[in-house]
Amino acid sequence: MAMPADTNAAGDIFGGWVLSQMDLAGGIAAGERASGRVVTISVDTMKFIRPVHVGDVLCVYCDIGAIGRSSMKIKIEAWARRHRFGHREKVTEAMFTFVAVDDDGRPRPVPGVN
Ligand SMILES: CC(C)(COP(=O)(O)OP(=O)(O)OC[C@H]1O[C@@H](n2cnc3c(N)ncnc32)[C@H](O)[C@@H]1OP(=O)(O)O)[C@@H](O)C(=O)NCCC(=O)NCCS
(Lines give C-alpha, C1' and ligand atoms only; values in the text may rest on other atoms or scores of the structure.)
Protein backbone atom coordinates (compact mmCIF):
# COMPACT_ATOMS: atom_id res chain seq x y z
CA MET A 1 0.00 0.00 0.00
CA ALA A 2 1.28 3.46 -0.88
CA MET A 3 1.99 5.37 2.34
CA PRO A 4 2.59 9.06 3.17
CA ALA A 5 6.34 8.44 3.53
CA ASP A 6 6.45 7.50 -0.18
CA THR A 7 5.14 10.85 -1.45
CA ASN A 8 6.79 13.84 -3.06
CA ALA A 9 6.08 17.43 -2.03
CA ALA A 10 2.99 17.52 -4.22
CA GLY A 11 1.48 14.54 -2.41
CA ASP A 12 1.86 12.05 -5.25
CA ILE A 13 3.76 8.80 -4.82
CA PHE A 14 7.36 8.88 -6.07
CA GLY A 15 7.96 7.11 -9.36
CA GLY A 16 10.99 5.52 -7.75
CA TRP A 17 8.80 3.81 -5.16
CA VAL A 18 6.64 2.33 -7.91
CA LEU A 19 9.73 1.26 -9.85
CA SER A 20 11.17 -0.47 -6.78
CA GLN A 21 7.95 -2.44 -6.22
CA MET A 22 8.07 -3.54 -9.86
CA ASP A 23 11.74 -4.50 -9.52
CA LEU A 24 10.91 -6.58 -6.42
CA ALA A 25 8.06 -8.37 -8.18
CA GLY A 26 10.13 -8.99 -11.30
CA GLY A 27 12.99 -10.30 -9.19
CA ILE A 28 10.65 -12.81 -7.56
CA ALA A 29 9.30 -13.98 -10.94
CA ALA A 30 12.75 -14.15 -12.52
CA GLY A 31 14.22 -15.92 -9.48
CA GLU A 32 11.48 -18.54 -9.66
CA ARG A 33 12.08 -19.09 -13.37
CA ALA A 34 15.85 -19.23 -12.94
CA SER A 35 15.67 -21.31 -9.75
CA GLY A 36 18.04 -19.03 -7.90
CA ARG A 37 19.81 -15.72 -7.72
CA VAL A 38 19.07 -13.05 -10.33
CA VAL A 39 19.99 -9.39 -10.83
CA THR A 40 18.31 -6.60 -12.74
CA ILE A 41 20.41 -5.55 -15.73
CA SER A 42 18.09 -3.11 -17.48
CA VAL A 43 14.77 -1.32 -17.39
CA ASP A 44 13.43 -0.17 -20.76
CA THR A 45 10.50 1.86 -21.99
CA MET A 46 9.11 2.65 -18.60
CA LYS A 47 5.96 4.70 -18.84
CA PHE A 48 4.19 6.35 -15.92
CA ILE A 49 0.62 6.45 -17.18
CA ARG A 50 -1.34 7.61 -14.13
CA PRO A 51 -0.30 8.84 -10.66
CA VAL A 52 -0.43 6.70 -7.54
CA HIS A 53 -1.92 8.16 -4.35
CA VAL A 54 -1.63 7.42 -0.65
CA GLY A 55 -3.99 4.56 0.24
CA ASP A 56 -3.86 2.94 -3.19
CA VAL A 57 -2.87 -0.72 -3.25
CA LEU A 58 -0.25 -1.41 -5.90
CA CYS A 59 -0.80 -4.68 -7.77
CA VAL A 60 2.16 -5.82 -9.87
CA TYR A 61 1.92 -8.37 -12.68
CA CYS A 62 4.84 -10.06 -14.44
CA ASP A 63 4.81 -11.73 -17.83
CA ILE A 64 8.01 -13.59 -18.69
CA GLY A 65 8.87 -13.14 -22.36
CA ALA A 66 12.05 -14.00 -24.24
CA ILE A 67 14.61 -16.07 -22.38
CA GLY A 68 18.22 -16.06 -23.59
CA ARG A 69 21.16 -18.01 -22.22
CA SER A 70 21.25 -16.14 -18.92
CA SER A 71 18.78 -13.30 -19.44
CA MET A 72 15.00 -13.05 -19.07
CA LYS A 73 12.83 -10.25 -20.41
CA ILE A 74 9.83 -9.60 -18.21
CA LYS A 75 6.99 -7.23 -19.04
CA ILE A 76 5.84 -5.74 -15.79
CA GLU A 77 2.63 -3.80 -15.22
CA ALA A 78 1.63 -1.95 -12.06
CA TRP A 79 -2.04 -1.32 -11.36
CA ALA A 80 -3.41 0.84 -8.56
CA ARG A 81 -6.47 -0.30 -6.65
CA ARG A 82 -7.82 3.08 -5.67
CA HIS A 83 -8.46 3.73 -1.96
CA ARG A 84 -7.75 0.07 -1.07
CA PHE A 85 -11.04 -1.38 -2.34
CA GLY A 86 -11.84 0.78 -5.39
CA HIS A 87 -11.44 0.18 -9.10
CA ARG A 88 -8.11 -0.84 -10.62
CA GLU A 89 -6.22 1.36 -13.05
CA LYS A 90 -2.97 0.63 -14.89
CA VAL A 91 -0.44 3.19 -13.67
CA THR A 92 2.93 2.03 -15.01
CA GLU A 93 4.44 -0.47 -17.41
CA ALA A 94 7.99 -1.34 -18.33
CA MET A 95 10.20 -4.02 -19.81
CA PHE A 96 12.75 -5.34 -17.33
CA THR A 97 15.65 -7.67 -18.06
CA PHE A 98 17.02 -9.91 -15.33
CA VAL A 99 20.13 -12.06 -15.51
CA ALA A 100 20.59 -15.34 -13.66
CA VAL A 101 23.87 -15.22 -11.74
CA ASP A 102 25.95 -17.68 -9.74
CA ASP A 103 27.26 -17.23 -6.22
CA ASP A 104 30.06 -15.02 -7.55
CA GLY A 105 27.63 -12.74 -9.41
CA ARG A 106 28.59 -14.08 -12.85
CA PRO A 107 25.97 -14.92 -15.48
CA ARG A 108 24.80 -18.54 -15.45
CA PRO A 109 22.42 -20.35 -17.81
CA VAL A 110 18.71 -20.19 -17.12
CA PRO A 111 17.66 -23.82 -16.51
CA GLY A 112 15.66 -25.54 -19.24
CA VAL A 113 16.82 -23.36 -22.14
CA ASN A 114 18.58 -24.99 -25.10
C1 LIG B 1 24.33 -8.72 -14.78
C2 LIG B 1 25.84 -8.82 -14.98
C3 LIG B 1 26.38 -9.96 -14.09
C4 LIG B 1 26.05 -9.19 -16.43
O5 LIG B 1 27.41 -9.20 -16.65
P6 LIG B 1 27.95 -9.04 -18.14
O7 LIG B 1 29.42 -9.14 -18.10
O8 LIG B 1 27.31 -7.86 -18.79
O9 LIG B 1 27.41 -10.37 -18.80
P10 LIG B 1 27.16 -10.70 -20.31
O11 LIG B 1 27.78 -9.72 -21.25
O12 LIG B 1 27.53 -12.15 -20.46
O13 LIG B 1 25.56 -10.56 -20.47
C14 LIG B 1 24.71 -11.40 -19.73
C15 LIG B 1 23.34 -11.32 -20.36
O16 LIG B 1 22.82 -10.00 -20.19
C17 LIG B 1 22.38 -9.48 -21.46
N18 LIG B 1 22.58 -8.03 -21.46
C19 LIG B 1 23.75 -7.37 -21.39
N20 LIG B 1 23.53 -6.05 -21.41
C21 LIG B 1 22.18 -5.88 -21.47
C22 LIG B 1 21.33 -4.74 -21.52
N23 LIG B 1 21.81 -3.50 -21.50
N24 LIG B 1 20.00 -4.95 -21.58
C25 LIG B 1 19.49 -6.19 -21.62
N26 LIG B 1 20.24 -7.32 -21.56
C27 LIG B 1 21.58 -7.15 -21.50
C28 LIG B 1 23.26 -10.19 -22.48
O29 LIG B 1 22.64 -10.18 -23.75
C30 LIG B 1 23.34 -11.58 -21.87
O31 LIG B 1 22.13 -12.28 -22.14
P32 LIG B 1 22.15 -13.85 -22.61
O33 LIG B 1 23.07 -14.60 -21.67
O34 LIG B 1 20.73 -14.29 -22.43
O35 LIG B 1 22.63 -13.88 -24.01
C36 LIG B 1 26.57 -7.49 -14.62
O37 LIG B 1 26.29 -6.54 -15.62
C38 LIG B 1 26.16 -6.94 -13.28
O39 LIG B 1 26.53 -7.50 -12.24
N40 LIG B 1 25.39 -5.84 -13.28
C41 LIG B 1 24.89 -5.26 -12.03
C42 LIG B 1 23.55 -5.87 -11.66
C43 LIG B 1 22.97 -5.19 -10.45
O44 LIG B 1 23.67 -4.96 -9.49
N45 LIG B 1 21.68 -4.87 -10.52
C46 LIG B 1 21.03 -4.12 -9.49
C47 LIG B 1 21.28 -2.67 -9.72
S48 LIG B 1 21.23 -1.77 -8.22
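Counting begins at 1 with the first residue of the sequence. Counting starts at 1 for both ligands and their atoms, in listed order. Just so we're clear, the structure is a prediction, and the values are computed from it rather than from any experiment.
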Going by an N to O cut-off under 4.0 Å, is there a salt bridge joining K47 and E93? no
Could you tell me which residues satisfy salt bridge (Lys or Arg N to Asp or Glu O under 4.0 Å) with E32, sequence neighbours excluded, listed by chain and number? none
Checking heavy-atom distances from atom 39 (O) of ligand 1 to each of G68, G105, P107, the winner is G105
Take a 6.0 Å sphere around CG of D103 and say whether it holds more than 12 heavy atoms from other residues, nucleotides or ligands. no
Contact region, S42 to ligand 1, non-hydrogen atoms below 4.0 Å, reads side chain
Charged N to carboxylate O under 4.0 angstrom, R82 versus D56? yes
Using a distance threshold of 4.0 Å (strictly less than), state whether atom 29 (O) of ligand 1 has a protein heavy-atom neighbour. no
Under 4.0 angstrom from atom 3 (C) of ligand 1, is there any protein heavy atom? yes
Among V101, D44, I41, D104, closest by any non-hydrogen atom to atom 37 (O) of ligand 1: I41
Under the 4.0 Å line, does any protein heavy atom show up next to atom 20 (N) of ligand 1? yes
Provide, to 0.1 Å, the distance between atom 45 (N) of ligand 1 and the closest protein heavy atom, together with that atom's residue and name. T40 O, 2.9 Å
Does the protein place a non-hydrogen atom closer than 4.0 angstrom to atom 13 (O) of ligand 1? no
Of all the atoms in ligand 1, which lie at a distance below 4.0 Å from a heavy atom belonging to T97? 25 (C), 26 (N)
Below 4.0 angstrom from a heavy atom of V39, which ligand 1 atoms are there? Numbered from 1 as shown, please. 1 (C), 42 (C)
Between S70 and ligand 1, does any nitrogen or oxygen pair lie at a separation below 3.5 Å? yes
Nearest non-hydrogen contact with atom 31 (O) of ligand 1 belongs to which option: S71, A66, A100? S71
Under 3.5 Å donor-acceptor, D104 side chain and R106 backbone: no
